[in-house]
Asker: 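This is the structure I want to talk about, given as structure tokens.
Both counts, for ligands and for their atoms, begin at 1 and track the order of listing.
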Amino acid sequence: MDNATRREAEEALEKLFTHSPMGVFIARGKKVELVNPGFQQITGYSEAELMAMDPLGLVAPGFREEVREKAIRMLKGQSSLPYEFPFITKGGQSGWAMATVVSTLYRGERATLGYILDITRRKQAEEALQESEHKYRELVENANSIILRWTREGKVTFLNEFGQKFFGYTEDEIIGRHVVGTIVPESESTGRNLQPLMDEICADPRKFEKNINENIRSNGERVWIDWTNKVVFDHQRQLVEILSIGSDITERKRAEEKLKQRTEELAALNALAHRVGACLSLDEFVAAALDPIVYPITPDQVLLYVRKNDHLVLQGTWPDRTAMSCNQARLQTGERLCGLALQAGQPIYFSNIPADPRCTLKACNEAGLRSFAALTLVSGERLLGVLGLAWAQEQDLQAQSGFLETIAGEVAMGLHNALLYRELQERANDLDQRVRERTVQLRAANKELEAFAYSISHDLRAPLRAVSGFAQIIARRHQAALNEEGRHYVDNIVLAAERMGHLIEDLLAYSRLGRQALTIRNLDLKEVLRRVLDDLEARVAATGAVVHVAEDLPWVPGDPTMLHQIFTNLLDNALIYRQPGVAPVIRVSWRADADQIVLAVADNGIGIESAYHEKIFNVFQRLHSDEEYPGTGIGLAIVKKSVIMLGGQVWVESEPGKGSTFYLKMPKE
Ligand code: ADP
């Protein structure tokens with residue numbers, strides 16, 4: 001290097017020395033020989049002040065020895081790494097510096113050339129970062145949530161302490177493992193290939209923000225976790241990692257499930273009560289109670305025993321009785337599982353039949369039964385039967401006992417109803433049978449009576465005809481041979497025979513009523529009345545009676561002869577029982593009443609005392625002598641019998657001296 005170049009270089013170094021923000025100093029021993037303005041700038045001391053002090057005096061107390069050692073090691077060439085240390089400025093402010101020292105010749109002697117760099121700002125930023133990192137770490141570590149980070153391939157990269165404790169893994173055990181098979185249960189559908197899931201997440205990360213999953217602990221226990229997920233993408237929008245924060249909601253989920261189960265049980269119970277309670281007959285009840293669908297915990301077999309004194313009688317099984325080889329049509333107390341419940345008077349549960357010393361029968365085992373509930377059916381104080389529910393799978397029956405007994409209560413209620421109904425039916429049948437028998441007896445007696453009346457009246461006619469015939473011959477041919485008294489007697493004989501003839505005729509008509517077949521058809525009452533009045537025309541004229549017949553008389557179902565007879569008798573009576581010296585006024589009217597028709601025949605005659613209102617409808621009931629009013633006492637009896645045969649009713653409303661109204665209530669159809 002020539003002189004000119006050397007000078008230029010020195011000049012440049014001089015400039016660097018003067019203008020560099022780096023502090024440069026040369027010291028020998030504890031004495032500073034040279035400092036640049038940068039050094040003054042960093043420390044706040046003037047050149048003169050610095051020249052008068054030990055450079056180590058700038059280092060914060062407590063660090064001086066360490067800095068001295070590091071400087072010596074560097075000077076000895078044992079370390080080339082710049083070292084960092086805190087320093088104090090002239091103003092008392094602390095800062096951080098990084099220093100490098102090298103050995104050099106200065107003015108012919110060995111000296112130390114040092115550079116210091118003010119790194120206060122960097123240090124502050126580092127500290128701030130460290131602090132925030134610390135805070136973040138603390139937050140993550142102390143969080144009461146599971147914090148999990150996992151890669152797109154499913155590898156766990158982080159699980160906070162809470163999460164480790166929760167899932168039952170140490171950090172070493174979980175980091176690097178696949179989520180499936182550790183915290184995500186392995187299933188046929190979730191393979192380890194998470195690509196489809198990742199594709200889905202990339203398509204719409206928001207969809208994946210929240211999800212509730214069933215996860216698994218290291219001990220196999222299933223847990224429910226509510227996850228909030230944050231998908232981390234790199235700057236190329238590649239999915240790098242997923243941050244999942246989860247909280248354990250197992251309790252809530254279990255409570256929900258319990259509630260759901262309880263609701264289902266209640267609904268099933270309701271349905272059971274409905275089905276079993278709606279049955280009337282025992283058969284219907286047995287069919288409903290044996291249907292396993294009605295039981296919320298569906299059994300594989302159902303048996304229904306009804307108690308009879310000290311033993312149980314099998315009413316039915318489901319499926320059909322051959323399916324369960326150990327069931328018996330009749331069980332004594334203490335016999336088999338159901339008999340044990342009868343003996344105990346309370347339900348007995350066999351949760352694990354093969355291991356249960358009470359189940360000595362091989363048959364149950366052979367039938368493949370694991371669990372059996374023998375539920376007593378109790379209504380009030382009475383044990384009505386035993387319901388057996390059997391399962392091929394082992395059931396924790398004790399845990400379900402409350403519910404099973406509620407079921408039994410419902411079934412017992414149904415059984416109680418069915419048994420009551422059966423008893424009622426048996427009684428009704430008995431009653432029915434007795435009524436039928438009595439009716440047959442009564443009918444026979446009636447028939448006999450009618451036949452008797454008929455034959456008597458029939459047989460009486462011939463001798464009566466003889467009596468009346470001979471009396472008339474005497475009256476006609478032997479009139480001269482008789483005195484006044486004799487003629488009077490003979491006339492009486494003729495009249496009495498005539499009356500007896502009427503009586504016999506009426507009696508025959510009455511007894512014929514029950515014997516002849518009815519021909520019921522729809523009849524126009526106007527027509528019936530017209531014919532009756534035709535027949536009575538002479539009598540109406542003779543009495544000067546006025547007869548009003550309603551013009552709108554309806555059609556009624558009835559037997560033509562019977563209806564004719566009914567109205568003839570009623571109108572005839574109205575003409576007979578008239579007030580002396582008063583012309584009869586007779587009205588035939590009607591009104592509709594629900595599905596019946598009420599007909600009325602009213603007169604202005606002598607009327608009837610209320611004491612006789614019912615009696616007059618009996619045979620031979622007369623209120624007057626034959627001299628007062630002629631009659632046989634059978635007319636109204638015929639009316640009543642006919643009306644009853646037509647399915648109707650008859651009654652009278654009347655007061656002496658105020659006329660009478662006879663009512664007929666007849667069916668419309
Ligand atoms: P009979 O008219 O032949 O005596 P009924 O059976 O027709 O027999 O009548 C029974 C009795 O009822 C009659 O004797 C009479 O006393 C009374 N009776 C019937 N119809 C009337 C009437 N319209 N007014 C008053 N009394 C009557």
Side-chain angles (χ1 to χ4, degrees), residues 450 453 457 460 464 495-514 528-529 532-533 535-536 538-540 542-550 561-590 598-646 648-665:
E450 275 164 8
S457 17
L460 278 178
L464 185 65
L495 274 177
E498 213 170 85
R499 247 191 26 236
M500 191 156 176
H502 287 311
L503 204 66
I504 289 171
E505 280 306 317
D506 281 359
L507 242 162
L508 268 176
Y510 182 78
S511 68
R512 223 182 276 127
L513 265 183
V528 173
L529 260 295
V532 170
L533 287 172
D535 291 351
L536 294 174
R539 304 227 6 245
V540 169
T543 54
V546 182
V547 182
H548 301 280
V549 176
T561 324
M562 260 186 192
L563 279 175
H564 188 90
Q565 189 67 55
I566 290 168
F567 283 100
T568 306
N569 290 6
L570 291 176
L571 290 171
D572 193 33
N573 281 349
L575 292 172
I576 294 174
Y577 300 102
R578 61 181 186 271
Q579 309 226 36
V582 180
V585 178
I586 306 168
R587 274 173 213 284
V588 180
S589 60
W590 76 287
V598 182
L599 293 152
V601 178
D603 62 45
N604 59 343
I606 56 171
I608 307 159
E609 267 184 56
S610 63
Y612 300 106
H613 284 185
E614 283 189 21
K615 283 187 186 149
I616 51 169
F617 292 99
N618 294 338
V619 183
F620 302 139
Q621 279 294 333
R622 304 211 62 231
L623 307 181
H624 308 278
S625 70
D626 216 39
E627 281 70 37
E628 268 182 289
Y629 295 99
T632 58
I634 295 177
L636 287 180
I638 289 177
V639 169
K640 182 169 181 178
K641 195 168 178 183
S642 306
V643 170
I644 288 174
M645 285 177 79
L646 293 175
Q649 279 170 274
V650 59
W651 70 98
V652 67
E653 282 174 13
S654 174
E655 260 181 68
K658 292 193 177 168
S660 311
T661 305
F662 285 84
Y663 292 96
L664 306 175
K665 197 179 223 179

Asker: Given T661, L636, V639, identify the one with the heavy atom nearest to atom 5 (P) of ligand 1.
Answerer: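 Selected option, by shortest heavy-atom distance: L636.
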
Asker: With heavy atoms of G633 as the reference, note each atom of ligand 1 found under 4.0 Å away.
Answerer: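 So the answer, numbered in order with elements, is 1 (P), 3 (O), 4 (O), 6 (O), 8 (O).
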
Asker: Using the test salt bridge (Lys or Arg N to Asp or Glu O under 4.0 Å), find all partners of K615 that sit at least two apart in sequence or belong to another chain.
Answerer: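 Checked K615 against salt bridge (Lys or Arg N to Asp or Glu O under 4.0 Å); zero matches.
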
Asker: Measure the NZ-CD distance between K658 and Q579 for me, rounded to the nearest 0.5 Å.
Answerer: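 CD of Q579 is found 11.5 Å from NZ of K658.
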
Asker: Among V601, N573, I606, I634, which one puts a heavy atom closest to atom 19 (C) of ligand 1?
Answerer: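 Looking at heavy atoms only, the winner is N573.
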
Asker: By number and element, which atoms of ligand 1 are closer than 4.0 Å to a non-hydrogen atom of L623?
Answerer: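 Checking each atom against L623, I get 14 (O), 16 (O).
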
Asker: Measuring from the heavy atoms of S660, does anything fall under 4.0 Å of ligand 1?
Answerer: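 Judged by the 4.0 Å heavy-atom criterion, S660 does count as contacting ligand 1.
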
Asker: Does G631, backbone or side chain, put an N or O under 3.5 Å from an N or O of ligand 1?
Answerer: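 There is no such contact.
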
Asker: Any idea which part of N569 is under 4.0 Å from ligand 1, heavy-atom wise: side chain, backbone, both or neither?
Answerer: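 For N569, no heavy atom sits under 4.0 Å from ligand 1.
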
Asker: Could you name the option among E628, K640, R622, Q621 that has the heavy atom nearest to atom 4 (O) of ligand 1?
Answerer: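 Selected option, by shortest heavy-atom distance: R622.
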
Asker: Among protein heavy atoms, which sits nearest to atom 21 (C) of ligand 1, and what does the distance come to when rounded to 0.1 Å?
Answerer: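 For this ligand atom, the closest protein heavy atom is Y577 CD1, 3.4 Å.
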
Asker: Kindly state each residue pair satisfying side-chain hydrogen bond (donor to acceptor under 3.5 Å, both in side chains) with at least one member in residues 600-612, sequence neighbours excluded.
Answerer: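 Listed by first then second residue: nothing to list.
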
Asker: Report the nearest protein non-hydrogen atom to atom 3 (O) of ligand 1: residue, atom name, distance rounded to 0.1 Å.
Answerer: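 Atom 3 (O) of ligand 1 sits closest to the protein heavy atom T632 N, 2.8 Å.
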
Asker: Nearest protein heavy atom to atom 26 (N) of ligand 1, by residue and atom, and its distance?
Answerer: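 Sorting protein heavy atoms by distance from atom 26 (N) of ligand 1 puts I608 CG1, 3.4 Å first.
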
Asker: Within the structure provided, determine whether I644 and K640 are in side-chain contact (heavy-atom separation under 4.5 Å).
Answerer: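 With C-beta onward as the side chain, the pair touches.
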
Asker: Going by heavy atoms in the side chains, are Q649 and Y663 under 4.5 Å from each other?
Answerer: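 Result no, sub-4.5 Å side-chain heavy-atom pair not found.
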
Asker: Would you check if the side chain of S660 reaches a backbone N or O of S654 as a donor-acceptor pair within less than 3.5 Å?
Answerer: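 Flag not set: sc S660 to bb S654 has no pair under 3.5 Å.
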
Asker: For atom 16 (O) of ligand 1, which protein heavy atom lies nearest, and how many Å away is it?
Answerer: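 Result for atom 16 (O) of ligand 1: H624 CD2, 3.1 Å.
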
Asker: Which residue and atom name correspond to the protein heavy atom nearest atom 23 (N) of ligand 1, and how close is it?
Answerer: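 Checking every protein heavy atom, the shortest distance to atom 23 (N) of ligand 1 gives D603 OD2, 2.9 Å.
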
Asker: Which ligand 1 atoms does F662 reach within 4.0 Å, using its non-hydrogen atoms?
Answerer: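 So the answer, numbered in order with elements, is 20 (N), 23 (N).
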
Asker: Check the pair V540 / L571 against side chain to side chain contact (heavy atoms under 4.5 Å, CB included), numbers first and verdict last.
Answerer: CA-CA 10 Å; V540 169; L571 290 171; over 6 Å; no

Asker: Which class fits the ring pair Y577 and Y629: parallel under 30°, tilted 30 to 60°, perpendicular over 60°?
Answerer: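 Because their plane-to-plane angle lies in the 30° to 60° range, the rings of Y577 and Y629 count as tilted.
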
Asker: Output the distance between atom CD (E628) and atom CD1 (I606), rounded to the nearest 0.5 Å.
Answerer: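 With rounding to 0.5 Å, CD (E628) is 7.5 Å from CD1 (I606).
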
Asker: Give the residue and atom name of whichever protein heavy atom lies nearest to atom 12 (O) of ligand 1, and the separation in Å to one decimal.
Answerer: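 Checking every protein heavy atom, the shortest distance to atom 12 (O) of ligand 1 gives I616 CG2, 3.4 Å.
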
Asker: Count the heavy atoms belonging to other residues, nucleotides or ligands that lie under 6.0 Å from CD of E614, then report whether that count exceeds 12.
Answerer: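 It does not: E614 CD has 12 such atoms or fewer within range.
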
